[in-house]
4 protein chains.
Amino acid sequence: MASIVEAAAQILEKGGLAAFTTNAVAERAGVSIGTLYQYFTDKNALLIALARGEMEAALGEVGRALQGDGDSSVDGRVRAMVRAIIHAFRGRQRARKAVVQALLAQGNGIELMAPVAAFVARAAETVGRGPNPLIGPLTREQAFVVSRSLMGVVRAAVLEEQPFLASRAFEEEIVRMIVAYLGAVSAATGRQP
Amino acid sequence: MASIVEAAAQILEKGGLAAFTTNAVAERAGVSIGTLYQYFTDKNALLIALARGEMEAALGEVGRALQGDGDSSVDGRVRAMVRAIIHAFRGRQRARKAVVQALLAQGNGIELMAPVAAFVARAAETVGRGPNPLIGPLTREQAFVVSRSLMGVVRAAVLEEQPFLASRAFEEEIVRMIVAYLGAVSAATGRQP
Amino acid sequence: MASIVEAAAQILEKGGLAAFTTNAVAERAGVSIGTLYQYFTDKNALLIALARGEMEAALGEVGRALQGDGDSSVDGRVRAMVRAIIHAFRGRQRARKAVVQALLAQGNGIELMAPVAAFVARAAETVGRGPNPLIGPLTREQAFVVSRSLMGVVRAAVLEEQPFLASRAFEEEIVRMIVAYLGAVSAATGRQP
Amino acid sequence: MASIVEAAAQILEKGGLAAFTTNAVAERAGVSIGTLYQYFTDKNALLIALARGEMEAALGEVGRALQGDGDSSVDGRVRAMVRAIIHAFRGRQRARKAVVQALLAQGNGIELMAPVAAFVARAAETVGRGPNPLIGPLTREQAFVVSRSLMGVVRAAVLEEQPFLASRAFEEEIVRMIVAYLGAVSAATGRQP
DNA sequence: AATGAATGAGCCTTCATTCAT
DNA sequence: AATGAATGAAGGCTCATTCAT
């Protein structure tokens, strides 16, 4: 089962969506096509299993990064989160890309993406508080904007295979944006009461 | 030719990527499949033609919005830009989504997306200057972060069919983020010399 | 189209239901599988087309037999009908059998059989009248009994490949049964008023 | 073993031939597929076992009906037989239908059907004698006609799911046909010596 | 005796593309 | 330029059957 999912990831990584056929996956996994179908109802089910795995990995990475006891300033913590996201997206770019594509192509993508986004939003919120609180709870729109812009930037860099993806400068700018935004939210909220 | 591309857009809009077959497009366009192949060497060529058209339309929309002589403050001009982006993405969501997917699925997507992003980055830069300049020229990474976060947020809202997509509150938050980021960039740059 | 149906009949005739694959049919018809699917939505559609054709042929045969101006006595006309049914059932036994099976396996069979049965029932009724009327209109149950017993006997003989299928003795007995039954019905009806 | 056959009948009854897979049968029987193959060499072997069982049950029903000491007139005894046949065909229609189909699909059907038909023919003969004999031994063709028409009518009613299947009127007509036929045979035979 | 994971031949069907008219 | 019937490679999936445990 795990080997089949792994094979699927490899196929996707190497040949993209076009190469992703159940027969190819079975062959690479070293099992018969029948066995594949014993574990996954559907080509789609396999895809979802793969996606779920990737998502959980990403979640874990971000979560672990935030547990880390590095720099506990707002800047430091945002940077930890940004780094985690970048990392989560860098391993097996093509596979991940293909998974996202395939998922979106069927409408199942959003539900699977949602948890990650929610997690990121919550993390941002948490980060904003800390020792000397920066912000209160975010509104729905605010949470959306933080999480999606962060993920959007990173994803774009991955998809476009930008050379500066791993650079310090890039990280810096993303951090700057998030921190600036959280600050602005805080300022606006502070004024309101 | 135009009618074929239009048919392609409609098919994509209505049935998504799965419904997008050359035969279906030809039929809807009211021409024979042979004629379609007279104008487009390939299914892919048709897709590219469609994408190019959509891209140009988006570009035009943003450009026009920035020409408009509304509120000329930084806030006002960023808001005009944000609105234009949101609009550019809302007409025919599904078709656009499908185009992006299909394009990405083949690796052609990035080149076609690039001009829009470049344009958005330039617009942000321009906006930052204006009467009383906010910022100087952006670095490559900064331009990337502004354009992709903006587009990323809007795209996510479209794909996830968020109900607040057209709301004032959503627009407000995006503007807040862009302005805060531009401000932070400006501050950092100012300090450095 | 006709050649495809014909090929289907031949395949069914030779190899039974098991050999009836769309690929086999296409090959025997000398067309590509794609062409087959241009004319028939489905494997099932092909089956139905075949069945309809066979049914109409059977109908025609019986109809023509009854038009014939042979012996116009009740006995003579019943015999003409019986003979026609036997003929209708004898050509391409296996193909016919397979069609019926396949059809029944999907529930579509009955509707296609019904017209033949209705026709036979009407024929029996007509025969019962003639110059010196034997019977009035049959009740639903009576019509059913005449038509189905007649068809049932012949079908059984065909399926079991009885050697006496074409014999005079066999024909004689069937005629005897039908005539006796019509007589009994007539007698019962006559008594009732 | 019995439970496997029973499971097969249930599957056939509920889902028709299409649902009749060895795996499905094993699951419903609550045994593993391996066990099923321990008892039946083949899917076909299972089918034959099922058919044989059903056949014997039918045989038993008719036999018992004829033993019964109800009305001993020809009419009364024919009616008892007709009723038994109807009953034999009515339980688990779909399963029975499917069995017949499946059997026919492989050519094994006829041999299994034959005993029932033979039995019916013999019964008809017996009935025709009784206290005041109606007929002598039937010819091969006559026996065939009585048994197959009777079975054919009932089977058709079952397959077509005729609403009058259980009605008195229907029974009446079948009885009328059989009795009329036996009478005609008797008359003809009587004349001949 | 029982289990059930594994097998794989082969079926139905789709759809991009061609080419003679 | 346009047509559209024909093509056929290729893919998803089923299910009877085996065999090591």
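Throughout, a chain's letter reflects where its sequence line sits, starting with A, and its residues are numbered from 1.
Place C:A24 and B:K43 on DNA chain E by their nearest nucleotides, and C:A24 ends up nearer the 5' end. Remark on DNA chain F: of its neighbouring residues C:G30 and A:T41, the 5'-side contact belongs to C:G30, judged by nearest-heavy-atom nucleotide. Mapping B:Y37 and D:Q38 onto DNA chain E by nearest heavy atom places D:Q38 closer to the 5' end of the strand.
In this structure, D:L17 atom CG and F:dT14 atom C1' are separated by 15 Å, rounded to whole Å. Between the P atom of F:dT3 and the CD atom of B:E27 lies a distance of 13 Å, rounded to the nearest Å. Taking atom CD1 on B:I11 and atom P on E:dC15, their separation rounds to 12 Å, with Å as the unit. Between the P atom of F:dT17 and the CG atom of D:N44 lies a distance of 9 Å, rounded to the nearest Å. For the pair B:D42 CG and E:dT18 C1', the computed distance is 13 Å after rounding to whole Å.
The distance from the CD1 atom of C:I4 to the CZ atom of C:R28 is 14.0 Å, given to the nearest 0.5 Å. From B:L59, atom CG reaches atom CZ of B:R52 across 12.5 Å, with rounding to the nearest 0.5 Å. The distance from the CD1 atom of B:I48 to the CE atom of B:M55 is 12.0 Å, given to the nearest 0.5 Å. Distance check: D:L17 CG to D:I11 CD1 gives 12.0 Å after rounding to the nearest 0.5 Å.
Counting only heavy atoms from C-beta outward, the side chains of D:L50 and D:L12 approach each other to under 4.5 Å. Taking the side chain as every heavy atom from C-beta outward, C:Y39 and C:L46 never approach each other to under 4.5 Å. Between D:T22 and D:F40 the shortest side-chain heavy-atom distance does not fall below 4.5 Å.
Within 6.0 Å of atom CD in D:E27, 12 or fewer heavy atoms from other residues, nucleotides or ligands are found, so the atom counts as exposed in its surroundings.
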Do any N or O atoms of the protein come closer than 3.5 Å to N or O atoms of nucleotides 8-10 of chain F, and which pairs are they?
{"from": "F:dG8", "atom 1": "N7", "to": "C:G34", "atom 2": "N", "distance (Å)": "3.3"}

Discussion item. Counting Watson-Crick and G-U wobble pairs with both distances under 3.5 Å, what is the dot-bracket string for DNA chain F, 5' to 3', using [ ] for crossing pairs and | for pairs to another strand?
Written reply: .||||||||||||||||||||

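If you check every strand for non-hydrogen atoms under 4.0 Å, B:Y39 touches sugar and phosphate atoms only. Among the heavy atoms of the strands lying under 4.0 Å from C:F20 are primed sugar atoms or P, OP1, OP2 only; no base atom is included.
Here B:T22 does not reach the OP1 or OP2 of E:dC15: none of its side-chain N or O atoms lies under 4.0 Å away.
Proximity of a side-chain donor or acceptor of A:K14 to a complementary backbone N or O of A:A95 within less than 3.5 Å is not detected.
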